[in-house]
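In this text the structure is predicted, and so the values were computed from the model without any measurement. To find a chain, count down the sequence lines: A is the first, B the second, and so on, and within it residues start at 1. What's counted below: heavy atoms across the whole structure, side chains too, no hydrogens, waters or symmetry copies.
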Amino acid sequence: MSFAERVYNVVSNIKEGKVMTYRQVAEKVGSPKSARAVGNVLSKNRDFKNIPCHRVVRSDGNIGGYVRGQDKKIRLLKREGIMIRGRKVVDNR
DNA sequence: GCTCTGACGATTT
DNA sequence: GAAATCGCCAGAG
């Protein structure tokens with residue numbers, strides 16, 4: 001299992017209505033400080049069906065990046081029942 | 001092995 | 001609250 005594969009696995013495990021920060025994902029895959037690398041992997045991936053990358057946000061609650069833009073990401077999250085305050089996620093960690 | 005790049009993070013100004 | 005700074009890790013060239 002490469003780093004990327006572990007990331008995919010974790011992200012695909014995020015349930016609907018839930019979000020995870022890049023940091024948390026990084027911790028889950030074994031490297032607490034590799035949030036950057038995590039985002040890097042997600043950016044390369046575009047499999048929206050198997051990997052809900054829109055459920056991954058920044059640690060400060062800010063929406064990270066998204067191929068379709070932050071607005072699109074926010075809309076998707078809202079649709080799944082996640083509260084958004086302006087540009088930030090108000091998920092219950 | 002080194003250098004760049006990037007959907008990041010935390011701190012400071 | 002925004003921008004600058006430094007640190008951090010993995011992949012690509």
Open item on the list: Taking A:Val29's backbone N and O only, do any of them form a donor-acceptor pair with A:Arg6's side chain (distance below 3.5 Å, no angle check)?
Closed with: yes
Open item on the list: Starting the side chain at C-beta, find the nucleotide from B:dG9, C:dA12, B:dA7 nearest to A:Lys44.
Closed with: C:dA12
Open item on the list: So does A:Thr21 get a backbone contact from the side chain of A:Gln24, meaning a donor-acceptor N/O pair under 3.5 Å?
Closed with: no
- [ ] Calculate the interatomic distance between A:Asp60 atom CG and C:dG1 atom P; express it in whole Å.
- [x] 11 Å
Task: Whole-Å distance separating the OH atom of A:Tyr66 from the C1' atom of B:dA7 - done: 11 Å
Task: A:Ser34 and A:Phe3: CA distance, side-chain angles, deciding distance, side chain to side chain contact (heavy atoms under 4.5 Å, CB included) verdict - done: CA-CA 10 Å; A:Ser34 56; A:Phe3 180 79; 3.7 Å; yes
Task: Sugar-phosphate, base or nothing in reach of A:Asn62, heavy atoms under 4.0 Å - done: nothing
Open item on the list: Of the options B:dA7, B:dC8, B:dA10, whose atoms approach the side-chain atoms of A:Arg58 most closely?
Closed with: B:dC8
- [ ] Return the value, rounded to whole Å, for the distance between atom NZ of A:Lys33 and atom C1' of C:dG7.
- [x] 9 Å
- [ ] Looking at every strand, decide which applies to A:Phe3 at a 4.0 Å heavy-atom threshold: base, sugar-phosphate, or nothing.
- [x] sugar-phosphate
TODO: Could you walk me through whether A:Arg87 and A:Gln70 pass the side chain to side chain contact (heavy atoms under 4.5 Å, CB included) test, one step at a time?
DONE: CA-CA 8 Å; A:Arg87 275 202 200 93; A:Gln70 300 184 323; 4.2 Å; yes
Task: Selected nucleotide, minimal atom distance to A:Arg87 side chain, candidates C:dA2, C:dA10, B:dC8 - done: C:dA2
TODO: Round to the nearest Å and state the distance from A:Glu27 atom CD to B:dG9 atom P.
DONE: 11 Å
Task: Between P of B:dA10 and CD of A:Gln24, the distance in whole Å - done: 11 Å
Open item on the list: Distance check needed: B:dG6 C1' versus A:Asn45 CG, whole Å only.
Closed with: 15 Å
Open item on the list: Considering every strand and a 4.0 Å limit on heavy-atom distances, what is the contact class for A:Ser43: base, sugar-phosphate, or nothing?
Closed with: base
TODO: Have a look at A:Ala35 and say if it touches a base, only the backbone sugar-phosphate, or nothing, with a 4.0 Å heavy-atom cut-off.
DONE: sugar-phosphate
TODO: Name the closest nucleotide to the A:Ala37 side chain, picking from C:dC9, B:dG9, B:dA7.
DONE: C:dC9
TODO: Find the distance A:Asn40:CG to B:dC8:P and express it as a whole number of Å.
DONE: 9 Å
Open item on the list: Using OP1 and OP2 only, check whether a side-chain N or O of A:Ser34 sits under 4.0 Å from C:dA10.
Closed with: no
Task: Between C1' of C:dA10 and CD of A:Glu5, the distance in whole Å - done: 14 Å
TODO: Select one nucleotide: of B:dA7, B:dG9, B:dT5, the one nearest the side-chain heavy atoms of A:Leu42.
DONE: B:dA7
Open item on the list: Tell me whether the side-chain N/O atoms of A:Arg23 come closer than 4.0 Å to OP1 or OP2 in B:dA10.
Closed with: yes
TODO: May I ask you to verify if any side-chain N or O of A:Thr21 is less than 4.0 angstrom from the OP1 or OP2 atom of B:dG9?
DONE: no
Open item on the list: Test your reading of the model: is there a side-chain donor-acceptor pair from A:Arg55 to the backbone of A:Ile14, 3.5 Å cut-off?
Closed with: yes
